[in-house]
Protein chains: 4
Amino acid sequence: MARPKSLDKRNAILDAAVEVFAERGLEASPTAEISKRAGVAEGTLFTYFKTKDDLVNGLYRDLKLELADAMMSGFPRKKSVKARIQHIWDCYVTWSAASPAQKRVLDLLKTSDRITEESREIGYAPFAEIETTAREGIENHILEDLPTEFVAATMSSLADATMMFMAMQPEKAAFYREKGFLLFWKGIAKG
Amino acid sequence: MARPKSLDKRNAILDAAVEVFAERGLEASPTAEISKRAGVAEGTLFTYFKTKDDLVNGLYRDLKLELADAMMSGFPRKKSVKARIQHIWDCYVTWSAASPAQKRVLDLLKTSDRITEESREIGYAPFAEIETTAREGIENHILEDLPTEFVAATMSSLADATMMFMAMQPEKAAFYREKGFLLFWKGIAKG
Amino acid sequence: MARPKSLDKRNAILDAAVEVFAERGLEASPTAEISKRAGVAEGTLFTYFKTKDDLVNGLYRDLKLELADAMMSGFPRKKSVKARIQHIWDCYVTWSAASPAQKRVLDLLKTSDRITEESREIGYAPFAEIETTAREGIENHILEDLPTEFVAATMSSLADATMMFMAMQPEKAAFYREKGFLLFWKGIAKG
Amino acid sequence: MARPKSLDKRNAILDAAVEVFAERGLEASPTAEISKRAGVAEGTLFTYFKTKDDLVNGLYRDLKLELADAMMSGFPRKKSVKARIQHIWDCYVTWSAASPAQKRVLDLLKTSDRITEESREIGYAPFAEIETTAREGIENHILEDLPTEFVAATMSSLADATMMFMAMQPEKAAFYREKGFLLFWKGIAKG
DNA sequence: TATGAATGAGGTTTCATTCAT
DNA sequence: GATGAATGAAACCTCATTCAT
């Protein structure tokens with residue numbers, strides 16, 4: 001009862017939402033279009049998500065988890081700070097290239113004021129280890145002495161910019177991935 | 001001639017649009033709220049802008065021009081590449097801090113698909129000198145050999161991230177402005 | 001299944017449309033007034049008819065069918081050409097007198113450019129037998145050798161004129177019905 | 001002061017109204033489009049006609065007068081009843097063929113409830129002689145003993161039907177004009 | 001639980017008319 | 001008188017959400 005009956009149906013709705021949001025944007029996407037694309041009735045959507053805001057927040061958390069999975073699985077905890085940071089960078093950039101719709105929707109969601117503070121916190125949790133890594137780098141004088149959140153935000157924004165160029169010129173994707181990381185690393189590394 | 005279309009009224013509408021868009025987002029902002037806030041009748045908005053799309057595009061161009069004014073006036077054409085880039089950085093970051101609503105709305109507009117390709121081109125024009133500067137830096141082996149658009153995008157995204165922290169911790173604004181620029185410069189400078 | 005789309009409700013809307021259109025004309029009739037008069041919510045009208053144009057076309061077909069029913073049921077296929085034509089005449093004129101609102105609205109619809117070519121074709125179909133009768137009369141030299149569509153148009157326009165007088169002077173309705181038919185018949189009959 | 005300054009301007013507006021009404025119908029024609037087409041300002045229209053209804057009624061009377069001019073000038077008062085009726089028929093049908101836009105607009109106006117009773121009366125006046133002719137025919141036992149208005153209405157409706165076929169098949173215009181009149185004459189002539 | 005018809009508030013835009021210039 | 005900007009009341013239609021089936 002806490003979880004509604006069919007997990008399949010829930011996922012169908014979320015997948016459909018990604019599709020529709022990617023095509024039309026958040027506000028221009030009627031819930032009716034989403035339920036239709038998911039192959040369920042209009043009303044059914046609301047037994048899985050009480051409101052559209054609920055759906056949007058649920059999707060946000062889901063996508064964040066999916067991204068975390070892509071980034072943090074296989075995280076080389078034993079290797080150097082640089083290796084770990086590069087791992088994160090590569091995973092992020094690879095996931096984004098492989099899941100362009102999800103990436104686009106996540107960007108839309110990030111700037112939406114439908115997303116609650118709570119969702120943002122929950123969405124952030126799995127990425128805590130990034131901060132840990134940054135802190136370690138700073139303490140060991142490998143990285144500049146900057147607030148860890150600032151480093152993280154910096155990485156994310158640089159990765160996004162990089163991503164855009166990879167998407168626009170797929171044949172030079174590897175080039176941008178490398179150069180982008182290099183730029184970032186030079187920026188934050190000490191000395 | 002009858003009453004001429006008043007520039008004041010146009011500006012009142014655009015100012016009201018900034019206010020309302022900043023508060024509620026693009027799609028959640030009824031034109032009726034904008035005209036009310038501007039102190040004109042609902043219909044009047046449509047004598048100045050044929051449609052809501054038109055208003056949005058007009059506002060985009062206006063804000064871009066305003067930003068260009070802030071950034072490119074007093075541009076130190078005779079000084080070093082680094083000085084020139086820092087000038088741009090500082091101006092951008094200062095304008096954003098001084099005009100948070102405008103900044104927020106410009107961000108909203110950038111990602112809206114109401115903005116036409118034509119508007120984007122027009123909005124970009126005044127910033128062409130940034131690219132020139134980047135190109136000069138690359139040719140003189142001061143900067144890494146990267147596509148100029150990539151450098152520009154990188155700067156913009158880093159500045160945005162920096163901005164966010166300045167806004168969140170105004171008492172450390174100067175700190176972030178400097179550190180952000182340093183990070184960027186180290187990233188793109190050669191050697 | 002959820003509530004099925006109710007035929008009753010559809011008819012209530014169409015009936016209300018006849019009422020309102022008859023009173024105020026096509027263009028001066030807001031859909032809101034129609035839904036209100038039908039006892040349904042404003043939005044409900046649009047689950048039965050996607051647009052106002054749709055409603056108008058649906059009504060046109062419905063009225064045409066209703067009229068066809070009145071005219072072609074009991075059509076004396078075995079009797080003389082004159083008897084058959086008189087049957088049509090009488091039925092048309094009787095229906096119009098009995099359903100003045102429907103008649104008025106049908107006239108409004110006929111000249112509206114909201115009606116699609118497709119609707120006109122569908123609306124015409126049940127009356128094909130009139131043409132057949134006319135053709136038979138011509139081939140048998142009972143009627144003047146005129147294009148059948150011309151005969152039909154002629155009948156319709158004469159009947160309309162007749163109708164108007166019947167409506168204006170109901171006590172002489174029978175007189176006009178007869179005289180009108182006589183005029184028509186003398187006009188088209190050979191010799 | 002009773003008559004506004006420029007008769008030219010009044011006519012320009014009326015001509016433009018015919019154009020626009022013919023293209024878009026009565027209700028779908030904004031006054032702004034009419035004034036634009038007439039080459040005058042939006043407000044100017046309202047110094048010549050207080051309201052849109054006023055314009056519509058003014059146009060109705062004008063067109064009626066124009067039609068009367070075409071039909072009643074050169075009216076062969078000395079010739080036989082048949083010759084006189086044929087004259088009317090031919091003039092009506094010729095005018096309609098020569099002025100299709102005016103004809104169409106007159107039809108639109110006839111069924112519009114913007115037209116006041118007063119306008120209808122005024123519009124009818126110049127055609128009184130038709131009734132006189134009909135009455136004479138009846139009294140002389142040339143025509144069936146029918147109400148004169150009924151004869152007139154009958155003629156008008158038949159002529160309209162005829163007109164439609166002439167417009168649709170211009171190469172057979174003469175054929176329809178003749179056959180239509182014959183049909184009418186046979187219908188109303190005695191014996 | 002699943003369905004989809006029903007709801008009605010709210011959005012953008014049009015347009016006849018007024019009125020400052 | 002002429003102009004056209006200003007007005008604000010509708011109009012049509014959409015859509016998140018509810019609820020009868």
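Here is how names work: the chains are called A, B, and so on, in the same order as the sequence lines, proteins then strands, and each is numbered from 1. Everything numeric in this text was worked out from a predicted model, so none of it was measured.
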Quiz item: Nearest to the side chain of Thr44(D) - dT21(F), dT3(F), dA6(F)?
Solution: dT3(F)
Quiz item: Is the side chain of Ser29(A) donor-acceptor paired with the backbone N or O of Gly25(A) at a distance under 3.5 Å, no angle test?
Solution: yes
Practice problem: Rounded to 10°, tell me the angle between the two end axes of the helix from dA2(E)-dT21(F) to dT21(E)-dA2(F), each built from five pairs. | Solution: 0°
Exercise. Return the value, rounded to whole Å, for the distance between atom CD1 of Ile13(A) and atom P of dT17(F).
Key: 14 Å
Exercise. Could you check whether Ser29(A) gets within reach of a base, just the sugar-phosphate, or nothing at all, counting any heavy atom under 4.0 Å?
Key: sugar-phosphate
Exercise. Report the distance from atom NZ of Lys52(C) to atom P of dC13(F), rounded to the nearest whole Å.
Key: 8 Å
Practice problem: Please report the shortest heavy-atom distance between Asn57(C) and Thr116(C), naming the atom on each side. | Solution: OD1-N, 3.0 Å
Quiz item: Thr51(B) near the nucleic acid: base, sugar-phosphate alone, or nothing, with a heavy-atom cut-off under 4.0 Å?
Solution: sugar-phosphate
Quiz item: Can you check the Arg10(C) CZ to dA5(E) C1' distance for me, whole Å?
Solution: 15 Å
Quiz item: Rounded to whole angstrom units, what separation is found between the CD atom of Glu27(B) and the C1' atom of dG11(E)?
Solution: 11 Å
Quiz prompt | Lys36(C) NZ - dG8(E) P separation (whole Å) | solution = 13 Å
Quiz item: Nearest-Å distance, CZ (Phe46(B)) to P (dG11(E))?
Solution: 12 Å
Quiz prompt | Length of the line joining Lys5(C):NZ and dC19(F):P, which is rounded to integer Å | solution = 21 Å
Quiz prompt | Touch class at under 4.0 angstrom, heavy-atom based, for Lys9(C) against every strand present | solution = sugar-phosphate
Quiz item: Using a cut-off of less than 4.0 Å, is there contact between a side-chain N or O of Tyr48(C) and OP1 or OP2 of dA5(E)?
Solution: no
Quiz item: Under 4.0 Å: is that the gap between some side-chain N or O of Thr47(D) and OP1 or OP2 of dG1(F)?
Solution: no
Practice problem: By nearest nucleotide on DNA chain E, pick out whichever of Ala41(C) and Lys50(B) is the more 5' one. | Solution: Ala41(C)
Self-check item: Residue whose closest nucleotide on DNA chain F lies nearer the 5' end, Gly39(B) versus Thr31(A)
Solution: Gly39(B)
Quiz prompt | Shortest non-hydrogen contact from Ala22(D) toward Ala101(D) | solution = CB-CB, 4.1 Å
Quiz prompt | Rounded interatomic separation in angstrom, taking CD from Glu42(B) and P from dC15(E) | solution = 16 Å
Quiz item: Do side-chain atoms of Arg120(A) reach the backbone of Lys110(A) as a donor and acceptor pair under 3.5 angstrom?
Solution: yes
Quiz item: Between Val40(B) and Pro30(C), who's closer to the 5' end of DNA chain F by nearest nucleotide?
Solution: Val40(B)
